[in-house]
Structure formats: C-alpha cells, structure tokens
Amino acid sequence: MLHFWCIMTNHEVARLLRNIAAAYILQNENRFKIIAYQNAADSIEHLSANIEDLGRSGKLKNIPGIGSSIASHLDELFTTGKSRHFESVLKQIAPAVFPLLDLPGFGAKKAAKLVTALKLNRASEAIKDLYNAAKLGKIASIPDFGEKSQQDILEAILRFQKQGQKEKRMALPLAHTLAMEIVDYLKSSPFVLKIETLGSLRRMVATIGDIDLAVATKNPEAVLDHFVSYPKFGKLIERGSGGASIILGGGQHVDLRVIKPPAWGSMLQYFTGSKSHNIRLREFALKKGLSLNEYGIKNLKTKKLMEFASEDEFYRYLGLSLIPPQIREDRGEIEAALKGRLPQLVSLSNIRGDLQIHSSYDLHPSHDLGKNSMEEIVAKAKSLGYEYIAFSEHNPSVSKHSIQQIIDIMKRRKDKIEQIKESTKSVRILNLLEIDINTTGELALPEEAFDYIDAALVSIHSSFNQSKDQMTKRVLSGLSHPKAKILAHPTGRLINEREGISLDFSQIFDHAQKNNKAIEINSYPNRLDLPDILVIEAKKYGIKFTLGTDSHDISGMDLMKYGVSVARRGWLAPDDIWNTKSYNEIYKWLTNN
DNA sequence: GCCGTTTTCGGCCCGACTGTTTTCAGTCG
C-alpha cells in the first residue's frame with residue numbers, strides 16, 4: 001500500500017477546514033455551510049484518533065460533523081496529497097488573509113479588509129507587514145477602523161507573539177489543587193453561601209486553562225473584597241459587579257463569578273459547559289419552545305424567564321435527569337438523560353483498593369523506586385479505608401543482573417510481601433509487578449521469576465517512536481503472557497511533555513476483551529492515561545479497567561480521585577472497574593491463568 | 001454542509017462585548 005511519510009496532524013486538518021470556512025465567509029456562502037466547516041474543524045481537533053488513520057480505514061463519516069461531502073474531500077486529500085475542491089476555494093482568497101486569522105480578535109472579514117486596504121501580498125510576512133502598517137498609523141484611516149482599533153491590532157500582534165512562551169494548560173491535578181485552596185479560603189467568608197468550580201475544571205478535563213469559580217451570595221461586594229485579599233494573590237485583571245479576575249503569584253489565571261442564590265442553578269449550568277453540550281441542550285430546548293441562557297429558561301411564547309436555584313431543577317424542567325458535569329460533552333448524554341439511561345457513574349467511595357503502587361523495596365529496578373516502605377504504604381492504605389492494595393514495583397534491571405540474580409531478587413521480594421501479609425490482616429496485599437514490554441514485545445522478566453508474583457502490569461517505557469504497526473504488535477505480544485493482566489498507562493503520554501505512542505487501539509481492546517485483560521486508568525497527575533475519549537471507546541468492547549495511582553510515595557495515594565474523574569468522563573459504572581470488587585474476586589481474576 | 005423521537009427536507013444556540021456605522025457587524029466563549 002502506498003504510504004505518505006508525512007501525515008497531517010488533526011490540528012493541521014482542522015486548520016485547513018477553518019481556512020475553507022473563512023474563504024466561504026468572504027464569498028458570502030450560505031452561513032450554515034460555513035458553520036458546518038467550523039464544526040467539522042472543532043470535531044477533528046478534539047478527536048483522540050489520528051484523522052488520517054480514520055480516513056484510511058474509511059471511518060471519516062463516523063466523526064460527528066463530517067458528512068459525505070467533507071469526507072470525500074478529505075479522502076482525496078489523504079490519498080493524493082491534495083484536494084482539488086479545497087484548493088479551488090482557497091485560490092479565490094488573498095493568501096495573506098489566512099495567517100492573520102491566528103491573531104486574537106481577528107475573523108475573516110477583518111483580516112480581508114486589512115489585506116485589501118494595506119495591499120498585504122506576502123503571506124509569510126503578513127503579520128509583520130500588518131504590524132509595521134499599524135506602527136506607521138496607516139490603519140486608523142481605513143473605513144471601519146479607527147485609532148482604538150489600530151492600537152488593539154498592535155496589542156493583539158504583541159500578545160500573539162508572546163503566546164509562544166505562554167504558560168501551557170495545567171494538568172488537572174495541579175489546577176484542582178490550586179482551586180481547592182482558593183475554595184477553602186473563600187469559604188471562610190460568612191457571605192459565601194455556595195461555591196463551585198466551573199468550566200473544564202468542574203468537568204474534570206485532563207488539562208485546564210483558567211481556574212473558574214462561582215459563589216452564591218447575597219453580598220457580592222463583600223465576597224469580591226475577600227477574593228482579592230487572597231494570600232497568593234498576584235495581580236488584579238479586572239473587577240466588576242458580577243465577578244473578578246486575578247492572576248496568582250504562580251501565574252495562573254483565576255476568575256470568580258458571584259451571583260444571587262435564586263439564579264445559581266442556571267448560572268452554574270451555563271458556565272460549566274461544555275460549549276458543545278450547551279449548544280445541543282439549547283437545540284433540544286428549542287424544540288419544546290424554550291430558550292436557554294445564563295439567567296434561566298425563557299418560554300418563547302409567554303416571554304417569561306424562569307430562574308433556577310439548582311441545576312437539578314434546571315435539567316428537570318427540560319424533562320431530563322441531572323447530567324453529571326463530567327459527561328457534559330455532547331457524547332449522547334442528553335439522549336441518555338431523556339431516556340433515563342444515564343449510567344450510574346463510579347465514584348471515589350466505590351474504590352476498594354489501589355492497583356498500582358511503588359514501594360521503596362529495592363529490587364534494583366529498571367526504573368525509579370518508590371520513597372516509602374511497604375509498611376508505610378499499608379498504613380496509608382488503612383487510613384484511606386482500603387480493603388486491599390497491590391505492590392507493583394518495576395521489574396529488576398535486566399542488563400545489570402543474571403537470570404539467577406533476578407530470580408533471587410524476586411524470591412526475596414515475595415518473602416517480604418508474605419511477611420507483610422502475616423502482620424497485616426486488615427489490608428489484603430496483591431503481589432504484582434510492573435514489567436517493561438521490550439521493543440521486541442518480550443517481557444523484561446525471566447520466565448522462572450513469574451512464579452514469585454500473582455500477576456503483572458505491563459507497560460511501555462522505551463522506544464516510544466516505533467511505528468503504529470510495530471508498537472501494536474509489541475503491546476499485543478506483551479499482553480499475551482498469561483500472567484500479564486493489566487496494560488498500564490496505555491498511551492504513555494505525559495501531559496505537556498510527550499505525545500502518546502501510536503497504537504491501534506481497536507486491536508488492543510479486542511484482544512483485552514477476548515483474553516480477560518484489563519486496561520489501566522492511571523491517576524498519576526501528568527498521565528491520566530487511558531485518556532477519557534479512549535475509555536469511552538474501550539467500554540464499547542465490554543472490557544474492564546483497573547485504577548491505579550502509580551504512587552511513588554504515600555501522598556500520591558491521595559490522587560485516586562483524578563483517576564476516578566477520568567473514569568467518570570469515560571461513562572464508567574462501578575461494575576466496569578475491577579477495584580470496585582472484593583479482594584477475592586480480583587485475586588481470582590489475577591491468578592486465573 | 002450536516003442531520004434525524006415531527007423531518008431524507010428544512011431546519012441549524014445564545015448573549016456579551018467592542019468599536020464605530022447612529023442601528024449594527026464582527027468576534028468570542
């Protein structure tokens with residue numbers, strides 16, 4: 001099969017479709033056609049799978065927002081390297097328009113007006129040329145522009161250029177921890193009646209831009225005064241009657257919104273989003289003659305606006321059950337709520353044990369040891385109310401030991417674990433090991449050493465850049481060992497640091513389902529892996545999951561809630577997760593070879 | 001151009017903010 005070495009990323013394809021939309025705007029095309037292209041671009045940007053891979057397997061039309069027309073153009077683009085239709089559309093527009101679309105506050109019309117008026121004809125230098133024109137005061141005299149907009153354009157360009165070194169989105173656990181500190185602080189004000197996170201933070205998305213909070217109060221000014229006295233306060237951005245924005249000392253942006261209690265529910269619903277959930281919900285409401293906005297629900301006939309003090313009442317008024325924030329992503333949740341078929345999502349209280357923990361027991365591992373002893377971990381597990389935990393240190397280094405040495409190390413470790421089991425009756429112990437899958441697909445543990453563990457988690461820790469075919473074979477091979485029961489942090493992604501490996505997940509999930517293997521949801525702060533969208537995919541195969549904190553010290557064991565939030569975003573119920581089951585059930589599964 | 005609990009035709013979310021155009025278009029979330 002013909003293969004193009006340089007495949008397009010989802011971001012690049014999305015960008016191309018946004019350029020097409022911009023071109024259509026300038027050609028006064030049907031505005032819904034324009035929206036369709038923008039929707040398709042959004043949809044592609046949020047995909048977990050690579051768009052070109054989906055194209056190769058003929059699944060483009062499965063992507064929401066992509067129908068037969070766009071699918072056929074993309075198909076042509078992927079197989080021949082170009083789309084005649086896209087090229088002919090883009091050809092109509094001055095090339096310098098497109099780079100300007102990246103500037104904040106710029107849309108197609110503003111960009112095109114400037115390109116024409118200033119005769120910008122070098123696409124690669126468009127932003128620079130625009131900047132120089134603004135500096136020379138050439139923009140203020142263009143019709144529809146003035147002194148203010150000229151100044152705004154200068155600032156927009158500077159902001160855009162600075163964006164390169166801008167803070168990346170925060171991993172959820174960091175944002176959540178910061179938010180909870182602020183929430184605790186705000187609660188010390190007697191005027192705070194209710195407080196909640198908003199936006200992606202409330203939905204527990206894996207990465208967070210700004211920290212958004214809301215407070216219900218009868219005295220907004222007092223609450224805002226309290227907010228801007230926060231000890232970690234860095235800089236005030238703005239303050240109005242409805243809220244304030246600040247930057248913390250660490251550079252994180254925090255927005256607080258204040259509202260009277262009777263309108264709390266509608267406000268919370270509106271600002272929790274997601275945007276696509278809200279759009280779908282408004283379409284749904286419209287069919288009932290109702291219009292939704294941040295203040296409440298308006299009856300289009302009577303023009304009367306109903307306020308809602310709680311989200312529960314808001315959703316109920318629409319004939320829906322309350323949809324948990326984590327699944328408000330327009331992935332079928334409204335239809336499910338309508339039919340009363342929302343899943344009973346797993347919660348932290350359902351979790352009876354932690355299935356990935358690294359102790360400081362030194363088996364000369366291939367990767368890092370934990371910091372706390374097995375005894376300290378057991379004590380921590382007790383304080384968390386767990387029924388069981390798993391020790392899952394990394395396998396002993398292969399290169400530094402002989403096979404016999406490894407066997408001896410594993411034997412001694414088993415003795416140690418047996419000894420801990422003797423002394424601790426309240427917390428049951430599982431003897432697991434996290435084993436590397438080598439580049440060839442072999443597990444980095446001699447066969448005889450498997451006798452000294454109950455079962456293994458297997459994972460990729462090297463050669464992350466193998467081709468998708470190689471990597472898929474590698475993982476399937478590793479997972480095929482009878483003692484390999486869990487595929488740990490399956491994509492290997494590190495948020496803000498490393499993209500995940502490329503893997504054919506349909507094969508992995510299929511294999512896992514047929515062979516009773518579990519897929520891990522790893523709670524480690526910058527992993528949160530398997531990512532939520534793939535969890536939804538995996539669940540369709542009917543496979544089970546395990547949750548593990550991947551703790552390397554006992555404070556890490558507190559982070560299970562983030563794994564739970566990934567599971568909730570993946571629509572998982574307790575029954576989908578092994579750690580909600582009893583020790584006996586898990587032990588039976590793990591040791592049933 | 002997409003999509004389907006009333007529809008394969010005829011719809012397609014909502015409001016805030018901004019600047020400049022005195023009545024609105026463009027952009028954003």
Side-chain angles (χ1 to χ4, degrees), chain A residues 17-18 20-44 60-74 85-86 89 100-114 139-153 155-156 159 198-200 209-210 212 238 240-243 245 253 255 257 266-267 269-298 300 305 318-320 330 332 334-341:
Chain A
L17 296 184
R18 289 210 179 88
I20 301 288
Y24 279 152
I25 288 172
L26 298 175
Q27 291 165 13
N28 287 317
E29 256 293 355
N30 176 320
R31 69 191 188 96
F32 295 108
K33 186 166 162 183
I34 294 163
I35 292 170
Y37 269 86
Q38 290 166 337
N39 286 342
D42 285 345
S43 186
I44 289 170
L60 290 178
K61 286 193 68 179
N62 295 353
I63 302 169
I66 295 189
S68 49
S69 172
I70 294 181
S72 75
H73 298 318
L74 289 180
H85 174 69
F86 290 166
V89 173
L100 299 187
L101 300 176
D102 289 332
L103 296 171
F106 273 64
K109 301 210 173 170
K110 189 192 282 190
K113 269 183 207 162
L114 290 165
I139 290 178
S141 54
I142 301 172
D144 295 338
F145 293 85
E147 285 292 340
K148 182 69 172 73
S149 45
Q150 177 167 271
Q151 192 56 35
D152 287 347
I153 287 169
E155 283 167 20
R159 219 172 341 138
L198 298 172
S200 54
D210 297 341
D212 294 321
E238 62 176 344
S241 57
S245 296
H253 203 123
D255 286 342
R257 211 164 274 284
S266 1
M267 192 278 301
Q269 196 287 322
Y270 182 85
F271 285 107
T272 295
S274 67
K275 181 181 168 186
S276 45
H277 171 82
N278 283 356
I279 288 174
R280 182 74 66 192
L281 195 64
R282 284 179 215 137
E283 286 172 354
F284 170 77
L286 213 51
K287 290 182 186 152
K288 296 172 175 280
L290 302 169
S291 170
L292 311 182
N293 61 42
E294 77 179 273
Y295 309 107
I297 299 179
K298 192 165 70 182
L300 290 172
L305 182 80
L318 296 173
L320 302 172
D330 186 23
I334 293 167
E335 295 80 351
L338 189 61
K339 292 177 186 156
R341 288 198 195 143

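First the proteins, then the strands, lettered A, B, ... as listed; each starts at 1.
Searching all strands for a Watson-Crick or G-U wobble partner of dT8(B) with both distances below 3.5 Å returns nothing.
Atom OG of S291(A) is separated from atom CG of L305(A) by 9.0 Å, given to the nearest 0.5 angstrom. Separation of atoms OG (S149(A)) and CG (D144(A)) is listed at 9.0 Å; rounding is to 0.5 Å.
At most 12 non-hydrogen atoms from other residues, nucleotides or ligands lie less than 6.0 angstrom from CD of E147(A).
Computed from coordinates, the L320(A) CG to dT5(B) P distance equals 14 Å when rounded to whole Å. Atom-to-atom, CD of E238(A) to P of dA16(B) comes out at 16 Å; the value is rounded to the nearest Å. Atom CG in D144(A) sits roughly 19 Å away from atom P in dT18(B) (whole-Å rounding). Here dG15(B) presents its P atom at 13 Å from CD1 of I297(A), a figure rounded to the nearest Å. Straight-line distance from the CD atom of E283(A) to the P atom of dC2(B): 16 Å, rounded to whole Å. Atom CZ of R18(A) and atom C1' of dG1(B) are 16 Å apart (whole Å). As a whole-Å value, the separation of E335(A) CD from dG4(B) P is 9 Å. Separating the CZ atom of F145(A) from the P atom of dT20(B) is a distance of 9 Å, rounded to the nearest angstrom.
When heavy atoms are screened at a 4.0 angstrom cut-off, P143(A) is found touching no nucleic acid atom at all. L338(A) comes within 4.0 angstrom of nothing in the nucleic acid, heavy atoms only. Residue Y295(A) is in sugar-phosphate contact alone, with no base atom involved, counting any heavy-atom pair closer than 4.0 Å across all strands shown. Among the protein residues, I70(A) comes within range of the sugar-phosphate backbone only, with heavy atoms under 4.0 Å from sugar or phosphate atoms but none that close to a base.
Here F86(A) pairs with H73(A) under the ring-ring contact (aromatic ring centres under 6.0 Å, His included) rule; sequence neighbours left out. Residues passing the ring-ring contact (aromatic ring centres under 6.0 Å, His included) test with H253(A), sequence neighbours excluded: none. The side-chain contact (heavy atoms from CB on, under 4.5 Å) check on E335(A) picks up nothing, with sequence neighbours excluded.
Between R257(A) and D212(A) there is no salt bridge, since none of the side-chain N atoms of the basic residue sits less than 4.0 Å from a carboxylate O of the acidic one.
A donor-acceptor pair under 3.5 Å links the side-chain atoms of N293(A) to the main chain of G296(A), judged by distance alone.
Contact check, S149(A) against dT18(B): no side-chain N or O comes under 4.0 Å of OP1 or OP2. Proximity of N293(A) to the phosphate of dG15(B): a side-chain N or O atom is located under 4.0 Å from OP1 or OP2.
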Applying side-chain contact (heavy atoms from CB on, under 4.5 Å), run through I334(A) and L318(A) and close with a yes or a no.
CA-CA 10 Å; I334(A) 293 167; L318(A) 296 173; over 6 Å; no
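Taking atom P in both dA16(B) and dT23(B), one finds a spacing of 22 Å when rounded to whole Å. To the nearest whole angstrom, the two C1' atoms, one in dT20(B) and one in dT27(B), are 15 Å apart. Across dT5(B) and dC12(B), the matching P atoms stand 16 Å from one another, rounded to whole Å. Of the P atoms belonging to dC2(B) and dT7(B), the separation is 22 Å, rounded to the nearest Å.
DNA chain B lies under 4.0 Å from at least one heavy atom of each of the following residues of residues 29-38 of chain A: N30(A), F32(A), K33(A), A36(A), Y37(A).
Comparing E294(A) and H73(A) along DNA chain B, the residue whose closest nucleotide (by nearest heavy atom) sits nearer the 5' end is H73(A). Remark on DNA chain B: of its neighbouring residues E147(A) and L286(A), the 5'-side contact belongs to L286(A), judged by nearest-heavy-atom nucleotide.
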For residues 33-43 of chain A, run the donor-acceptor check on the side chains, cut-off 3.5 Å, and write out each pair with its distance to 0.1 Å, sequence neighbours left out.
residue : atom : partner : partner atom : Å
K33(A)  : NZ   : E29(A)  : OE2          : 3.0
D42(A)  : OD1  : R18(A)  : NH2          : 2.8
S43(A)  : OG   : P64(A)  : O            : 2.7

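Closest heavy-atom contact between A22(A) and L101(A): CB-CD1, 3.6 Å.
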How does each nucleotide of nucleotides 22-29 of chain B score, in 5' to 3' order, for protein heavy atoms under 4.0 Å: base (B), sugar-phosphate only (S), or none (-)?
----SSSB
